[in-house]
Number of protein chains: 2
Amino acid sequence: MEVALSIDDREGFDGVTIRAIAGEIGATPMALYTYFSDKSALCDGMRDRLFVQISDGIVSRRSWQSMLEGIARGAYRILRDHPNWTPLLAHDGGLPSSGFGFINDLWESMLKEGFAVEDAMRAHGCVMSFAVGSVLFERTMMGAGDVLAKRIALLKRPVESTPGQYASLASVAAKVDRWRWDDIFEPGIRSRLTGVEANCARSRRQSGRPRASRAQA
Amino acid sequence: MEVALSIDDREGFDGVTIRAIAGEIGATPMALYTYFSDKSALCDGMRDRLFVQISDGIVSRRSWQSMLEGIARGAYRILRDHPNWTPLLAHDGGLPSSGFGFINDLWESMLKEGFAVEDAMRAHGCVMSFAVGSVLFERTMMGAGDVLAKRIALLKRPVESTPGQYASLASVAAKVDRWRWDDIFEPGIRSRLTGVEANCARSRRQSGRPRASRAQA
DNA sequence: ACCTGAACACCGTTCAAGT
DNA sequence: ACCTGAACACCGTTCAAGT
């Protein structure tokens, strides 16, 4: 699994072949079929490892706020550090089983704090969508080149080929090489988290349900 | 291109082979190489068509608000209707050239209305990340099965196999079959859009720059 | 410029055979 | 249970050849 992810990192998702993995661990391609039924199962395993790496970075699990923040930041950071892993997100399979424990704890904590079930999903979705969507947005907007220079070139190329046609695009492209994407992500994730917290408080007031535990907030 | 997207729809992304496309349009595989240099160029073309389909559904381009709302809703709706197209998002290549005109118009309108360049990117990213991230979140959470039943099964399976272990997961899973994801997405996108508008107003006050045109607001 | 058909180097996977 | 090696049906792509 680790070998597969490391190949993905270096060669891209298309480079992850059963033959390549086998070669790297010094075995025959068919030897791997003892451990995975087929390639789709191998991708499931990679998704599993991805989720583990994301949740491993979470610093605190004492409140739903810190868990939600941790899982969102982790997803963003890991996918930014390993852009070639993003195709794993688009694959089928649902939440990997390695994530059941964490998600269960997160939801338990949210429900305990007064979230309605649908509001918990809404909050969870709001924050996580922003995190993984940010990675996709940066890639879609700026391209997925390894070096920033390539991204700038991608955005500037059409502008230069037809001067004046895309004036606003050009004015943004001119600034892009001085951007730190974290400065875009950071206020965004903060804003989502405070918004979610405000919704929780309001939902608690409406339902008249008190907090289960003051200590966690 | 349309044939490629239709195969993607029916057979999944892995089914999109040069041989399959050629067979469907009644030609030899090698005949396609007159129109695409290689498979990566073919994927670029598919991304291009995807963007065109998304922006075709935009109802009004009179204000940056309606453009931003339109592109976000379009991305969400198209990807929900064609889940097998999501892998195209994870591919490299940057913004397809068919999107230059629209994005240029959007940014021009935002800059005119008083957004700083970085704030325009922030707002654009906030709304679009939520839209495409929502699709991914629903797939990651619920799996990508065609039928809702399969999604429920995916979430319920671990719960049933180890009863009581994931109580909160189970309580959410029990409600999932009555959910309409649009009811999660709808308030989310509304909230993002009003938030962005508030930020624009504040940014305009801070810079002391007046609106370029009252009519557009 | 556009299309063909044979060929090449790859891929996931099956199968029969070994330990 | 675990591993091998040959084989099969596929894939993207090259190449020489045709119009």
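Each chain gets a letter, A, B and so on, in the order the sequences are listed, and its residues count up from 1.
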Interatomic distance, [X] [atom1] vs [N] [atom2] [rounded to whole Å]:
X	N	atom1	atom2	answer
B/Arg19	C/dT4	CZ	P	14 Å
B/Leu32	C/dC2	CG	P	13 Å
B/Asp38	C/dA9	CG	C1'	16 Å
A/Ile21	C/dT13	CD1	P	11 Å

Handout entry: Distance, C1' atom - from D/dA16 to C/dC3, rounded to whole angstrom
Key =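 These two C1' atoms come out 13 Å apart once rounded.
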
Given [options], identify the nucleotide with an atom nearest to the side chain of [X].
X	options	value
A/Met30	C/dC11, D/dT4, C/dA6	D/dT4
A/Ala27	C/dT4, D/dT4, C/dT13	D/dT4
B/Lys39	C/dG12, C/dT13, D/dT13	D/dT13
A/Ala31	C/dT4, D/dT4, C/dT13	D/dT4
A/Thr28	D/dT4, C/dA7, D/dC15	D/dT4
A/Thr34	D/dC2, C/dT4, D/dG12	D/dC2
B/Tyr35	C/dC3, D/dG12, D/dT13	C/dC3

Practice task
Could you check which nucleotide pairs with D/dC15 in any of the strands shown, counting Watson-Crick or G-U wobble with both distances under 3.5 Å?
Solution key: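 Base partner found: C/dG5.
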
Problem - Any strand: nucleotide that pairs with D/dC10 via Watson-Crick or wobble, under 3.5 Å - result: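 Here D/dC10 is not engaged in any pair, so there is no nucleotide opposite it.
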
Handout entry: Basic-acidic side-chain contact under 4.0 Å: B/Asp183, A/Arg122
Key = no

Practice task
Determine, for B/Arg190 against B/Glu69, whether the closest basic-nitrogen to carboxylate-oxygen distance falls under 4.0 angstrom.
Solution key: yes

Exercise for the section: Quick one: label A/Phe36 by what it contacts on the DNA or RNA (base, sugar-phosphate, nothing), any heavy atom closer than 4.0 Å. Expected result: nothing

Problem - Toward the 5' end of DNA chain D, by each residue's nearest nucleotide, A/Gly26 or B/Ile18 - result: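 Upstream on the strand: A/Gly26.
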
Practice task
Determine whether the aromatic ring centres of B/Phe130 and B/Tyr76 lie less than 6.0 Å apart.
Solution key: no

Handout entry: B/Trp107-B/Phe115 aromatic ring centre distance below 6.0 Å
Key = no

Practice task
Indicate whether OP1 or OP2 belonging to C/dT13 is found under 4.0 Å from a side-chain N or O atom of A/Tyr33.
Solution key: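 So the side-chain polar atoms of A/Tyr33 do come within 4.0 Å of the phosphate oxygens OP1 or OP2 of C/dT13, strictly under.
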
Practice task
Look at the rings of A/Trp181 and A/Phe137 and say which category their plane angle falls in: under 30° parallel, 30 to 60° tilted, over 60° perpendicular.
Solution key: perpendicular

